[in-house]
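These notes are about the structure you will find just below.
None of these values were measured; they are calculated from a predicted model. Each chain gets a letter, A, B and so on, in the order its sequence line appears, and its residues count up from 1.
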Number of protein chains: 4
Amino acid sequence: MENIADKKRAIFESTLVLIKEKGFHGTPMSQIAKNAGVAAGTIYHHFDSKETLILELYTYIRDKMLEAMLQLDNEAMDYKDRFFNFWISHCHFYVKNPNALFFMEQFVNSPYSNRDPLQENERFQNTFRDLIKAGVETGLLKPIDHLILSALIHGTIVNVAKMHLCQRVVIGEAELQQIVEVIWDGMHQQPNGAATS
Amino acid sequence: MENIADKKRAIFESTLVLIKEKGFHGTPMSQIAKNAGVAAGTIYHHFDSKETLILELYTYIRDKMLEAMLQLDNEAMDYKDRFFNFWISHCHFYVKNPNALFFMEQFVNSPYSNRDPLQENERFQNTFRDLIKAGVETGLLKPIDHLILSALIHGTIVNVAKMHLCQRVVIGEAELQQIVEVIWDGMHQQPNGAATS
Amino acid sequence: MENIADKKRAIFESTLVLIKEKGFHGTPMSQIAKNAGVAAGTIYHHFDSKETLILELYTYIRDKMLEAMLQLDNEAMDYKDRFFNFWISHCHFYVKNPNALFFMEQFVNSPYSNRDPLQENERFQNTFRDLIKAGVETGLLKPIDHLILSALIHGTIVNVAKMHLCQRVVIGEAELQQIVEVIWDGMHQQPNGAATS
Amino acid sequence: MENIADKKRAIFESTLVLIKEKGFHGTPMSQIAKNAGVAAGTIYHHFDSKETLILELYTYIRDKMLEAMLQLDNEAMDYKDRFFNFWISHCHFYVKNPNALFFMEQFVNSPYSNRDPLQENERFQNTFRDLIKAGVETGLLKPIDHLILSALIHGTIVNVAKMHLCQRVVIGEAELQQIVEVIWDGMHQQPNGAATS
DNA sequence: TATGAATGAGTCTTCATTCAT
DNA sequence: GATGAATGAAGACTCATTCAT
């Protein structure tokens, strides 16, 4: 039976919607249950506590995100294309899943994230990190600690997605392309090693 | 009286510390009061509710941040220097006020920020926006919607500051310089109008 | 089928163990089921409710206790020996079945026992009462209401067994003998009718 | 102000009544609060949790009991009189405070009592123990471990009080006197050292 | 009969807010 | 204004019981 997985998914999605609207605190388990179409007690057959639910929801989203991002990726592709792909598909994911974006942002800035074992998630981190590292090692990206480059990339993705979702600017495919160009131009290293001044 | 302002400040700082540690939900008014050295009821002489307190705290921090950022700014300076200054002093502010960073990040991603009239804050936004707009208009920055550029800049500042505070990379003045260079290189438009490819 | 009786017994024993450790309240039906090796719903094929289960468990234990106590009894024996036997075998039962002791003590002091029809149990009461009554009637015991004498006897048995189980004193066979001697000396009536002063 | 102590007392008494009627489990904090004339939350200003409340209630009762028992005691009195006094005033206390009796009996047989530090209560234990020890040392009582004698005494007190309260026998002052006589006769040692056989 | 996932009423507990002093 | 005890609504969580399989 797919039932169990289905029920968990229903609870995840219900939680996601409510947390986006009301925040962690503003989202009672009773309402999560109601919106998921189950009884309050049922949640506790699948998750030990509200905290566990949120922690697992985090992992669930990371997995979905990774899947979405790998769909277009291909190690045989040109580095720059892979770089662009990554940035854009990550951004797309957030734009298409705004609840996920707001959840993630609340999560990483909340005390929950400190308690997270962060191991499952490493699969996501690793994939991303390897791409950046490779760029630095092959000299395509400037010689800067890959963690810093990641921070820069991730920061831009999230903020651009948020700006889009807040409807403050229209950001179509053309704009996205233009934006990644900016990121790339900043991180890219000229073949002769001379970064633009 | 300075007393009132002092008491408000004490409440603000107490709130800031607790929210960084425990999050909005994990921070009861009673504890804010205790850490601020006042009685629980006293907070309600200064703030209508917990929500008001948090909303005002947001403004309080924006003001402090603006003040910090304007200290080194000077309209007579070279554009690139002003740009660098802005980025770096903003980042410095967060690094020196980690509680403020974590508060702001929780705030902007919470349902609180949706209710914020966003008017007070415009002072901050305006100052920043004008700089970016000027860059675009004078052709020093690529011709991209200034809101997008702001998003990119802000995203990088916040994420670099977080990475620094999480102690995952050592980020000294040299690294900061190097990082803004990346941002600048990405946004800067070559005099001849040809952006790097 | 022996199966049904076996299953009931398994449920009884599981309940007994858990109630000793956790008390009535701390013992969920689900755990009783798990420790008994059956499903939660199965219990309800054998008992109408948790209350019924506990009420029947009470009877189950009374029966086991009576059986244990009658094993050494024999109407042909000397009265004093029967008296000693009763006291000691009752105490032995509790010492060998500490779970039963703790269950009974919780039970008789709980609101459950008020609802108990107390009929089944009379078999136990009767056997015991008859012995005491006979003692009074034959003048071997002091002329005191047999219910009072029973209370005295039962109170000493239970408390001595508890003291033993709490490991606060070592109580071997010699001590037991000495203790019943005390009880007997107190209740026994001198042939000449003069009770000790 | 006596207010705080008064409020605690009101909560204690409310708890006592309800626990006698409904048991630990059947007594919700909300009802304790209502019967005590306070709000549910108020209880938590005085007690950390339901468990703490019950633990403190235990101590509260021990104290009241000790006080009642010492009222008639006097070291200058004849040993036998003190012994009788102790037994009877203890029994009286239970008869006059049936709620206390049922609470104590539930308590000592529940998992709560295992967590009790049992230190405060030692005052009670010590007073009682000293009396018994003195009896053994002076040869007035049979040479049996004082813990065993205590168990016998306490067991009889509690069970006689219960029998009285269950209305199964009328136990007046004359009967009480007669009963302690039984206990005394059992434990007392003949001057010539020959216990009755 | 046996199962065990699902139910939802009921519990303990927290905490924003009030108000008499 | 300041205090902090009191309030009680609301939330997380438990568990006896049911019922479709």
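- Among the candidates D/Leu53, D/Leu55, D/Asp48, the single residue satisfying the side-chain contact (heavy atoms from CB on, under 4.5 Å) test with D/Glu51 is D/Leu55.
- Partners of A/Phe102 according to the side chain to side chain contact (heavy atoms under 4.5 Å, CB included) rule, which considers only residues two or more places apart in sequence or in another chain, are A/Lys20, A/Pro98, A/Leu165.
- Using cut-offs of 30° and 60° on the angle between ring planes, the pair B/Phe103 and B/Phe24 is perpendicular.
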(message) Would A/Thr59 and A/Arg62 count as a side chain to side chain contact (heavy atoms under 4.5 Å, CB included) here? Give the steps.
(response) CA-CA 5 Å; A/Thr59 302; A/Arg62 293 293 284 215; 5.5 Å; no
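- Note: A/Ile11 CD1 to A/Glu13 CD = 11.5 Å, rounded to the nearest 0.5 Å.
- As rounded to whole Å, 14 Å separates atom C1' of E/dT13 from atom CD of D/Glu51.
- The distance between atom CD1 of B/Ile54 and atom P of E/dA16, rounded to the nearest whole Å, is 9 Å.
- Rounded to an integer number of Å, the gap from D/His25 NE2 to F/dT14 P is 14 Å.
- F/dT14 atom P lies 7 Å from atom OH of A/Tyr44, rounded to whole Å.
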Protein N or O to nucleotides 8-10 of chain F N or O, pairs below 3.5 Å:
| unit_1 | atom_1 | unit_2 | atom_2 | d |
| --- | --- | --- | --- | --- |
| F/dG8 | N7 | D/Gly41 | N | 3.3 |

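- Between the NZ atom of C/Lys22 and the P atom of F/dT14 there is a distance of 14 Å, given to the nearest Å.
- Stem list for DNA chain F (at least 3 consecutive Watson-Crick or G-U pairs, distances under 3.5 Å): E:2-21 with F:2-21.
- Inter-residue side-chain proximity for D/Glu56 and D/His46 is flagged as unmet; no heavy-atom pair is nearer than 4.5 Å.
- Whole-Å rounding puts the D/Phe24 CZ to E/dC12 P distance at 13 Å.
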(message) Could you go through B/Gln106 and B/Tyr112, starting from their C-alpha distance and side-chain angles, then the distance that decides it, and tell me whether this counts as side chain to side chain contact (heavy atoms under 4.5 Å, CB included)?
(response) CA-CA 9 Å; B/Gln106 280 188 61; B/Tyr112 287 113; over 6 Å; no
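- Of the residues near DNA chain F, A/Gly26 and C/Ser49, the one whose nearest nucleotide (by heavy atom distance) lies more toward the 5' end is A/Gly26.
- Across the protein-nucleic acid pair, B/Phe47 atom CZ and F/dG1 atom P stand 12 Å apart, rounded to whole Å.
- Atom NZ in B/Lys50 sits about 17 Å away from atom C1' in E/dT18, given to the nearest Å.
- Residue C/Lys7 has no polar side-chain atom (N or O) positioned under 4.0 Å from OP1 or OP2 of E/dT1.
- For E/dA6, the OP1/OP2 oxygens have a side-chain nitrogen or oxygen of A/His46 closer than 4.0 Å.
- The residues C/Lys162 and D/Glu105 are annotated as not salt-bridged, no charged nitrogen and carboxylate oxygen being separated by less than 4.0 angstrom.
- Comparing D/Ile43 and A/Met29 by the nucleotide of DNA chain F whose heavy atom lies nearest to each, the residue mapping closer to the 5' end is D/Ile43.
- A/Thr27 comes within contact range of the sugar-phosphate backbone alone, with a heavy-atom separation under 4.0 Å but no base atom that close.
- Rounding to the nearest 0.5 angstrom, the gap separating the OH atom in A/Tyr60 from the CG atom in A/Leu16 is 8.0 Å.
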